[in-house]
Amino acid sequence: MHDFPIIVTGKRKPARHGTNVQHSPPSSLAGDGKLFYTPEDFPGDRYTQDLSFPGLEPFTRGTDAGMYRTEKWQIRQCIIPSSPADANRSIRYVLASGINSFGLVFDTRTNMGLDSIPTKTGRQRKKGLSVSSLSDMKSILKSISPSDISPCFHVNSAAPQIVSMYIAACSSGRTGFETLSGMVQNDPFEDMLFDSRTPFGIADSMKLSSALTHYCLDNMPFFRPLCVSGYGIREHGGSEPQEIAFVISSALAHLEEGEKNGIEPERVLSRLSFMLGVGTDVPTEIAKFRAARRLWFRIIRTRYPGISGSLARFDFSARSLDSALAGDEPEVNVVRSTMQALAGVLGGARAIHVCFSGGSDGPSALARLRRELMLHRIIDEESGVAGTIDPAAGSYYVETLTSELETKAHAYVRHISGMGGMLNAISSGYLRREIEKHAADVREQMESGRKYVVGVNIFRSGKASPPRAVPGHASHAPVRHDVLPRSGRPVRKSVAPYLDGISALEADDAKLIPAMIGAFSHGATLGEVTSAVFGKRQS
C-alpha cells in the first residue's frame with residue numbers, strides 16, 4: 001500500500017460560532033487516532049467468512065436477500081399516551097395514515113403490575129399509559145378492529161398480565177385472539193437491571209415470562225411473545241458492545257429457561273426478536289447492528305450445531321434514544337431523530353421507532369406523530385438509501401468498526417457465561433457496575449469538553465433546559481420483591497374464584513395465562529391479578 005500523499009493533522013480549525021472549541025472524534029470508537037481506513041484494515045480473504053451476501057450466513061449484511069428492495073422497514077410509531085382515550089385517538093390517527101404498527105409505552109406502575117392511582121385531574125403524573133382493567137383496554141381499542149393493528153407492548157415485568165388483558169379484550173369481540181399479530185417485550189432482565197423494585201424474584205419472573213412465551217407459541221401463531229431489549233442499556237449510559245452482549249446473554253438465558261419448561265430452542269428462536277437503541281453516531285450504529293447479527297449467528301450455531309441457519313437470524317427493531325435529545329431544542333431534536341432513523345435503515349432494522357419530544361395527548365401528540373411519519377417517508381422516498389441492498393457495505397471504516405464491536409461484545413458474553421449467565425450477572429451487580437462505569441466516563445468526557453453534544457454542552461441557546469443527553473446513573477439499590485401493597489381491601493366475591501385459581505398455579509404452569517385471561521374477563525384488575533400471583537410467591 002502506498003503512503004498517503006497528503007499530510008493530515010488530527011485537529012480541525014475551531015468553530016466560528018462565538019466559541020473556541022475542538023470537535024469530537026468522528027466516532028465514539030475512533031479512539032486510536034486513525035483518520036482514514038484502507039483495504040489493509042479489513043483483509044479481503046475474510047470477505048466470505050465475515051461478510052458473505054445479504055440473506056446468507058453469517059447475516060452481517062442483512063437477514064434477507066432482498067432487504068428493503070423486497071419489503072420496507074416497518075414504521076412503528078411510538079405512542080406515549082396519558083390515558084386510554086389519548087391512546088385510542090393516536091392509534092386511530094396512525095391507522096388513518098396507512099400504518100398498522102405502533103409501540104405502546106406504559107407507565108411505571110402498570111409495568112410493575114399495579115393499579116393506577118387516580119389524580120385530581122384524572123390524568124397520571126408518570127410518563128406512559130396506565131392500564132388497570134379490561135375496561136381500560138377496551139377504551140384503547142374502541143372502534144378499532146384488532147385484526148387491523150400490530151401493536152408492540154413496551155412492558156416487561158407485567159407482560160403476562162398485559163397480554164392476557166389484551167387477549168381478553170380482543171376475545172370479547174368478533175376477532176378471535178388466535179389471529180392477533182404484534183409483539184411484547186416480556187424481558188424481565190431489563191427491569192431487574194435498572195429498577196430496584198420488581199414484583200417477583202428473578203427466578204419467578206423468568207418462569208412467568210416463559211409461561212407467556214409457551215402460551216403464545218401454542219395459541220397465537222402471528223404474535224411474537226419475546227422481544228429482548230437493549231434500549232434501556234443505552235438510555236442508562238451503556239456502550240454499544242455492552243448493549244450487544246447483554247441482549248445476547250439475555251436471549252440465551254430465555255432459551256435455557258424455555259428448555260427447562262419443555263420448550264425446544266427452535267420454537268423460541270422462530271419468534272424471538274430484539275430491540276436495540278439507536279443513537280446519532282451513524283457509522284458506529286451501523287457497525288453495531290452488523291456485529292450483533294454476526295455474533296448472534298455464530299453463538300447460536302456453536303451452541304445448537306444442528307439448528308437451521310434461518311433460525312439464527314438476529315431480527316431486530318431500532319428505537320431512537322430519548323436520552324440523545326437536547327432539552328428544549330425541538331429543531332435540534334428533529335435533526336437528531338432523522339440521523340437515528342437513517343442509522344437504523346443503513347443498519348438493516350426490521351422496524352424503526354422514532355420518538356420526538358412533544359406532547360403525549362391531544363393535538364400536540366398528533367402533530368408529533370405526523371413529524372415522525374414524515375421523517376420515515378422522506379428517508380424512504382428521497383434519501384436513496386433504501387434503493388439498494390446494504391448501501392453501507394464496502395466501507396473500510398464500517399467493516400473495521402464491525403469487527404471491533406464484535407470482538408468487544410463477545411468478550412462480555414464469554415465473561416457473563418463464565419459467571420453462570422445473566423441471572424448471576426445481574427444479581428451480583430456486575431452488569432450495573434459495567435454500565436455505570438461507561439456512563440461515568442461519558443459524563444466526564446462531556447464535562448471536561450472532550451466530547452461535545454450540540455445543544456447540550458455546546459451551542460446551547462439561552463432558553464435551553466438542563467442537558468438530557470448526559471447518561472444517568474444506574475441504580476445500585478438492592479433489588480426488592482415486596483413492592484405490591486397489601487391494601488386490606490376485601491376481594492370482591494365476583495372475582496375471588498378466579499383469583500384463587502391463579503394463586504393455586506405455579507409461575508410456569510401452562511394454565512396460568514388462561515387463568516389470567518379468565519380473571520380479567522370477569523372484572524379483576526391488574527393489581528388484583530398480580531397480587532394473586534405474588535401471594536403465591538410470598539407464601
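- Between K260 and E256, none of the side-chain N atoms (NZ, or NE/NH1/NH2) sits under 4.0 Å from a carboxylate O, so this pair counts as no salt bridge.
- Put simply, the side chain of S97 never gets that close to the backbone of I99: no donor and acceptor are under 3.5 Å apart.
- The shortest non-hydrogen separation linking R271 to C216 is NH1-O, 3.3 Å.
- A donor and an acceptor atom, one from each side chain of N111 and S157, are nowhere located under 3.5 Å apart.
- Taking 4.5 Å as the limit, every side-chain heavy atom of E71 sits out of range of all side-chain heavy atoms of D64.
- In this structure S521 satisfies the side-chain hydrogen bond (donor to acceptor under 3.5 Å, both in side chains) test with no other residue, sequence neighbours excluded.
- Side-chain contact between E178 and N219 is absent, with no heavy atoms from C-beta onward closer than 4.5 Å.
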Would you please test E436 and R443 for salt bridge (charged side-chain N to carboxylate O under 4.0 Å, His left out) and show each step? CA-CA 10 Å; E436 178 58 21; R443 285 195 300 273; 2.8 Å; yes

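- Here the CD atom belonging to E190 is positioned 7.0 Å from the CD1 atom belonging to I233, to the nearest 0.5 angstrom.
- Residues V228 and L272 meet the side-chain proximity criterion, which asks for heavy atoms closer than 4.5 Å.
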Report the C-alpha separation of Q242 and E434 in whole Å, then their side-chain angles, then the decisive distance to 0.1 Å, and conclude whether the side chain to side chain contact (heavy atoms under 4.5 Å, CB included) test is met. CA-CA 8 Å; Q242 288 172 345; E434 287 298 302; 3.7 Å; yes

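- A side-chain N or O of D115 and one of T525 form a donor-acceptor pair less than 3.5 Å apart.
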Trace of the side chain to side chain contact (heavy atoms under 4.5 Å, CB included) decision for L526 with V131: CA-CA 8 Å; L526 175 62; V131 177; 5.7 Å; no

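- Looking at S270, its side chain does come within 3.5 Å of a backbone N or O of R267 through a donor-acceptor pair.
- Classification of D380 and R377 as a salt-bridged pair fails, no side-chain N sitting under 4.0 Å from a carboxylate O.
- Atom NZ of K72 sits in a crowded spot, with more than 12 heavy atoms from other residues, nucleotides or ligands closer than 6.0 Å.
- Between F153 and F223, the ring-plane angle classifies as tilted under the 30° and 60° cut-offs.
- S150 and S101 are not linked by any side-chain donor-acceptor pair at a separation below 3.5 angstrom, with hydrogens and angles left out of the test.
- Salt bridge annotation for D322-R336: absent, with no cationic side-chain nitrogen under 4.0 angstrom from a carboxylate oxygen.
- Listed by chain and residue number, nothing satisfies the side-chain hydrogen bond (donor to acceptor under 3.5 Å, both in side chains) test with S427 (two or more places apart in sequence, or in another chain).
- Relative ring orientation between Y430 and Y412 is described as tilted, the plane-to-plane angle lying within the 30° to 60° band.
- Taking CD1 from I300 and CG from L269, the interatomic distance works out to 5.0 Å, rounded to the nearest 0.5 Å.
- Nearest heavy-atom pair across A169 and L134 is N-CD1, 3.4 Å.
- The closest side-chain heavy-atom distance from D148 to N100 is not below 4.5 Å.
- Considering CG of D107 and OG of S130, their distance stands at 4.5 Å, rounded to 0.5 Å.
- Side-chain N/O atoms of D187 and H254 include a donor and acceptor closer than 3.5 Å.
- Using modelled atom types, one side-chain atom of S139 and one backbone atom of S135 make a donor-acceptor pair closer than 3.5 Å.
- Remark: Q340 engages no residue in a side-chain hydrogen bond (donor to acceptor under 3.5 Å, both in side chains) (not counting sequence neighbours).
- Distance CE/M275 to CG/D315: 13.0 Å, rounded to 0.5 Å.
- Separation of atoms CD1 (I502) and CD1 (I513) is listed at 9.5 Å; rounding is to 0.5 Å.
- Heavy-atom minimum distance, S320 versus C355: OG-N, 3.1 Å.
- Here E235 does not pair with R319 in a salt bridge; the nearest charged N to carboxylate O distance is not below 4.0 Å.
- Closest of all the heavy-atom pairs between S210 and I263 is OG-CD1, 3.7 Å.
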Show, in sequence, the C-alpha distance, side-chain angles and deciding distance for S317 and I352, and conclude whether the side chain to side chain contact (heavy atoms under 4.5 Å, CB included) test is met. CA-CA 6 Å; S317 58; I352 299 177; over 6 Å; no

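- Between V413 and F246 the shortest side-chain heavy-atom distance does not fall below 4.5 Å.
- No side-chain heavy atom of Q77 sits less than 4.5 Å from a side-chain heavy atom of H376.
- Under the 4.0 Å criterion applied to side-chain N and carboxylate O atoms, E257 and K207 are not assigned as salt-bridge partners.
- V278 and A318 make their closest contact through CG1-CB, 4.0 Å (heavy atoms, listed as atom of the first residue, atom of the second, distance).
- Closest approach of P160 and S164 over heavy atoms only: O-OG, 2.6 Å.
- A distance-only check finds a donor-acceptor pair linking the side chain of R432 to the backbone of L193 [under 3.5 Å].
- Judged by distance alone, with hydrogens and angles left aside, the side-chain atoms of S337 form no donor-acceptor pair with the main-chain N or O of V334 at under 3.5 Å.
- A donor-acceptor pair under 3.5 Å links the side-chain atoms of S531 to the main chain of G527, judged by distance alone.
- Note that CD1 of I426 is 10.5 Å distant from CE of M419, once rounded to the nearest 0.5 Å.
- Inter-residue side-chain proximity for M165 and Q161 is flagged as unmet; no heavy-atom pair is nearer than 4.5 Å.
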Verdict with reasoning, H154 to H353, per ring-ring contact (aromatic ring centres under 6.0 Å, His included): CA-CA 12 Å; H154 294 282; H353 315 227; 5.3 Å; yes

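- Counting only distance, with no hydrogens or angles, the side chain of S205 and the backbone of P188 share no donor-acceptor pair below 3.5 Å.
- Checked for salt-bridge contact, R234 and E285 meet the test: a charged N lies under 4.0 Å from a carboxylate O.
- Looking at heavy atoms from C-beta onward, N186 lies out of side-chain contact with N156 at the 4.5 angstrom threshold.
- If you check the side chains of D86 and S83, you find a donor sitting under 3.5 Å from an acceptor.
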What verdict does the side chain to side chain contact (heavy atoms under 4.5 Å, CB included) test give for V105 and L129, after you've listed the backbone C-alpha separation in whole Å, the side-chain angles of each residue and the deciding distance to 0.1 Å? CA-CA 6 Å; V105 179; L129 176 62; over 6 Å; no

